[in-house]
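Reading through the structure tokens given below for one structure.
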There are 2 protein chains.
Amino acid sequence: MYDSENDSEPGRGMERENLGSEAPATVRIVDIARMAGVSTATVDRVIHNRGKVSAANLARINAVLQRVDYRPNLIARTLASGRQYVIAVVMPRFAAGEYWADFEAGVAQAEAEARRYNVTVRRYRFDQYDGASFEALLATLRDESFDGAVLATLFAGRVIPFTAELDARGIPYVFVDSDLPACNRLAYCGTSSFDAGAVAARLLCEGLEPGADLVVGKILHRGDGGSNQCRERERGFRDYLERHDFRGELYDVALRLDDEAYNARRLDELFAVHPSVAGAVTFNSTCYILAGYLAARPARRVRLVGYDVIDRNRRMLADGVVTALVAQRPEVQGYRGVMSLCGWLVEGRRPGTVGNLPIDILLKENISYYTNNII
Amino acid sequence: MYDSENDSEPGRGMERENLGSEAPATVRIVDIARMAGVSTATVDRVIHNRGKVSAANLARINAVLQRVDYRPNLIARTLASGRQYVIAVVMPRFAAGEYWADFEAGVAQAEAEARRYNVTVRRYRFDQYDGASFEALLATLRDESFDGAVLATLFAGRVIPFTAELDARGIPYVFVDSDLPACNRLAYCGTSSFDAGAVAARLLCEGLEPGADLVVGKILHRGDGGSNQCRERERGFRDYLERHDFRGELYDVALRLDDEAYNARRLDELFAVHPSVAGAVTFNSTCYILAGYLAARPARRVRLVGYDVIDRNRRMLADGVVTALVAQRPEVQGYRGVMSLCGWLVEGRRPGTVGNLPIDILLKENISYYTNNII
DNA sequence: ATCGCAAGTGTGTGCGCACACACTTGCGAT
DNA sequence: ATCGCAAGTGTGTGCGCACACACTTGCGAT
């Protein structure tokens with residue numbers, strides 16, 4: 001046993017002790033041990049609640065710990081502990097060039113960085129147009145072991161009860177895509193979907209007469225009312241219209257992902273019945289569908305606003321068919337989603353809960369500067 | 001010397017080597033050294049460009065480094081290197097309850113966290129209403145040694161040339177308060193001031209007739225045209241008015257910080273001459289001055305919008321004198337400003353360049369939930 | 001009286017890297 | 001032939017912590 005407090009070790013002991021009333025430069029476990037008159041292992045047991053410590057020592061060590069306000073060096077802790085962490089990323093499947101491909105790029109970059117912190121990223125994918133596939137994935141996740149999760153919140157109604165399970169399991173999670181403020185999430189990495197709706201409304205309406213009618217293009221989901229993000233955007237959109245004396249009509253039109261002929265028929269119908277339509281919007285990233293239709297019919301002068309800078313939308317914007325795109329840097333969401341969880345698990349660094357990303361507005365004039373760099 | 005590649009060390013060597021074509025779990029300096037047939041010190045010299053390595057070994061080691069795509073373990077590096085970093089925070093002086101006090105709280109929290117990474121925070125303060133004091137501070141900073149800087153950009157015209165000096169010295173810096181995109185900043189932690197101006201405009205105008213006149217309350221600066229933030233907000237504000245067919249007039253009124261009598265005289269004058277004024281705005285955090293005046297004159301029905309949730313504004317909002325506050329979490333700016341620089345210096349982790357914070361809107365109804373937590 | 005065992009306790013090692021320091025080699029100057 | 005010195009090179013230690021492992025102590029069972 002050490003003879004505690006009053007020993008003055010030679011050499012570097014002197015440098016660190018700083019015997020005056022000064023706060024010591026930094027208090028380490030050895031310092032605690034010396035002060036409490038025990039070994040570092042005993043201090044370690046107390047710090048980690050490993051038990052096997054006598055009541056007397058426990059009390060003494062805790063007292064010292066509290067007195068010096070001990071904060072472990074997280075850098076050293078990470079290096080020493082071989083602890084492996086697994087982060088589950090729950091996101092949609094995608095094809096190249098789709099919105100979620102950019103998200104995946106951010107996840108991949110984070111994955112590369114996180115490897116050095118003993119963090120592994122595991123992806124779990126579902127069909128973004130099929131709520132049942134998401135439900136099935138959640139069932140899988142119940143049997144999986146992981147230390148944190150990044151959850152795309154497309155199916156809000158199914159995410160919410162699942163987060164309750166995660167809460168019960170003590171697993172932290174961060175949201176991407178859209179926020180669900182009612183949940184106990186560690187963070188949300190994304191834009192304010194509601195405000196992004198208002199932005200689209202402003203961009204769309206600024207060139208139109210107040211009485212003009214609008215079309216809302218939608219992709220139907222199997223058994224669901226659309227993604228939470230789209231719903232929130234639509235809420236913000238309609239809210240803006242209300243607040244700005246919009247006096248026209250909004251017509252929904254259900255489109256299909258890869259069925260140009262079908263979409264053309266539906267739109268022909270719509271425009272035949274409502275020739276007054278002067279603007280159109282989509283709340284997901286598929287405004288290229290509407291754009292493709294309109295590009296082939298230049299006589300129809302319809303103002304078009306959509307979301308997300310994916311290749312097909314970018315082209316339509318550059319061609320002048322799309323008036324504006326509202327965007328949200330999916331690659332940053334992927335990167336930050338993983339990294340914020342990583343920082344929390346590894347270093348105990350709590351991220352800002354709602355680190356809202358900027359709502360980017362892309363026009364023909366500035367689209368060329370918009371590149372998908374995390375930096 | 002080791003006999004390079006083909007040795008099969010006993011014990012843990014086997015675990016790590018992963019002799020198949022698999023990517024090795026993680027490549028360390030010892031692995032590089034073994035592969036190149038040199039010692040770790042020689043590898044270290046190459047990695048850090050310390051010289052004293054023969055051309056042959058240099059080439060060989062570099063080849064290995066490249067082949068295995070070596071990435072140093074930043075955690076271990078930080079622990080091993082006793083390197084001390086100093087972050088200079090250049091910010092205004094403040095009294096308790098002022099806007100910058102909240103900012104300081106965030107800096108203090110970051111400081112506590114950063115200490116364990118061998119990072120020290122040093123504050124340099126200037127008078128936010130006196131450009132000359134800022135200039136004098138910059139002169140001081142030229143002789144100071146630090147590894148990174150957090151710069152409040154109030155005096156944009158003086159900040160810009162200074163950042164050129166920092167660039168020349170190779171010192172990274174992050175902006176807070178308002179962004180100066182033309183500069184080579186590592187990051188900007190704050191809101192979009194321009195958009196925050198538009199938000200205030202919308203909040204102010206939504207209850208007014210298009211023809212109503214407005215007052216802009218201003219605190220005069222010594223020898224300067226107001227902070228960059230305020231100017232940007234005003235630009236965004238005026239831009240919004242233009243885009244929304246505002247047909248009234250804007251009257252500037254110069255107020256003083258602690259001179260109630262003077263302010264009352266000036267405002268009495270103004271309202272006497274322009275009884276049509278129905279709205280008022282300030283672009284800094286002193287809307288409580290206008291609010292105090294209006295609270296004492298309830299007959300004047302003037303809609304008032306201001307910035308920042310400081311105590312005096314909070315009270316006036318709760319009392320219904322202020323219609324809305326636009327806010328920007330200064331404590332988060334302080335925290336992130338320091339931490340992003342810290343992460344960059346210590347771990348080489350590049351922050352998002354423009355991590356725009358959300359523009360918060362506070363009304364009587366939601367102000368009570370708005371607390372200054374970093375979390 | 002002896003043994004086994006639970007409850008405590010301490011020593012030693014390694015995480016991957018940075019860096020101080022000691023050492024070797026070979027060549028020019030004497 | 002010998003020395004000094006520059007150019008290379010390697011060994012060893014420590015950063016603060018986690019954790020495996022060995023060890024001590026005392027008490028109940030025999």
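The sequence lines fix the lettering, A, B, ..., with proteins before strands; numbering per chain opens at 1. What's counted below: heavy atoms across the whole structure, side chains too, no hydrogens, waters or symmetry copies.
Checking the phosphate oxygens (OP1, OP2) of dG16(C), no side-chain nitrogen or oxygen of Y70(B) falls inside 4.0 Å. For dG16(C), neither phosphate oxygen OP1 nor OP2 lies less than 4.0 angstrom from any side-chain nitrogen or oxygen of R77(B). Look at R28(A) and you'll find a side-chain N or O under 4.0 angstrom from OP1 or OP2 of dG16(D). Of the side-chain N and O atoms in H48(A), one or more sit less than 4.0 angstrom from OP1 or OP2 of dA18(D). Look at R50(B) and you'll find a side-chain N or O under 4.0 angstrom from OP1 or OP2 of dC19(C). Remark: T40(A) is not in phosphate contact with dC17(D), judged by side-chain N or O atoms under 4.0 Å from OP1 or OP2. Between N57(B) and dT9(D) there is a side-chain N or O to OP1 or OP2 distance below 4.0 Å. Between dT9(C) and T42(A), no contact under 4.0 Å exists linking OP1 or OP2 to a side-chain N or O. Listed pair S81(B) / dA18(C) fails the phosphate criterion, with no side-chain N or O lying under 4.0 Å from OP1 or OP2.
Look at CD1 on I29(B): it is 15 Å from P on dT11(D), rounded to the nearest Å. Across the protein-nucleic acid pair, Q84(A) atom CD and dA18(D) atom P stand 16 Å apart, rounded to whole Å. At whole-Å resolution of the value, CG in N73(B) and P in dC15(C) are 12 Å apart. Atom P of nucleotide dC15(D) and atom OH of Y117(B) are separated by 19 Å, given to the nearest angstrom. Distance L65(B) CG to dG16(C) P: 17 Å, rounded to the nearest Å. In this structure, I47(B) atom CD1 and dC19(C) atom P are separated by 12 Å, rounded to whole Å. Separating the NZ atom of K52(B) from the P atom of dA22(C) is a distance of 14 Å, rounded to the nearest angstrom. In this entry the distance linking CG of N49(B) with C1' of dA18(C) reads 15 Å, nearest Å.
Pairing each heavy atom of L345(B) with each of P172(B), the nearest pair is CD2-CG, 4.1 Å.
Closest contact between the side chain of S39(B) and the listed nucleotides dG10(D), dA18(D), dT9(C) involves dG10(D). Distance from the side chain of L79(B) is smallest to dG16(D) among dG16(D), dG14(D), dG8(D).
For R71(B), the CZ atom sits in a loose shell: 12 or fewer heavy atoms of surrounding residues, nucleotides or ligands are nearer than 6.0 Å. The number of heavy-atom neighbours closer than 6.0 Å to CD of Q66(A), taken from other residues, nucleotides and ligands shown, is 12 or below.
In terms of position along DNA chain C, the nucleotide closest to I75(B) lies nearer the 5' end than the nucleotide closest to the other residue of the pair I75(B) and R45(B). Across the interface with DNA chain C, nearest-nucleotide mapping of A41(B) and A76(B) shows A76(B) to be the residue nearer the 5′ end. Where R71(A) and L58(B) each meet DNA chain D at their nearest nucleotide, the meeting point lying more 5' is that of L58(B).
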With pairs defined as Watson-Crick or G-U wobble and both distances under 3.5 angstrom, please note down DNA chain C as a dot-bracket string, | for pairing with another strand.
||||||||||||||||||||||||||||||
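Between the side chain of Q333(A) and the backbone N or O of D177(A), at least one donor-acceptor pair lies under 3.5 Å.
In summary, of the residues considered (T78(B), N118(B), D147(B)), a side chain to side chain donor-acceptor pair (under 3.5 Å) with R83(B) occurs for D147(B) alone.
A salt bridge links R329(A) and E331(A); the closest N-O separation between the charged side-chain nitrogens and carboxylate oxygens is under 4.0 Å.
Across all strands shown, D44(B) has heavy atoms under 4.0 Å from base atoms, whether or not it also approaches the sugar-phosphate.
Under the 6.0 Å distance and 45° angle rule, R169(B) counts as a cation-pi partner of F146(B).
Remark: aromatic rings of F175(A) and Y173(A) are close, center separation under 6.0 Å.
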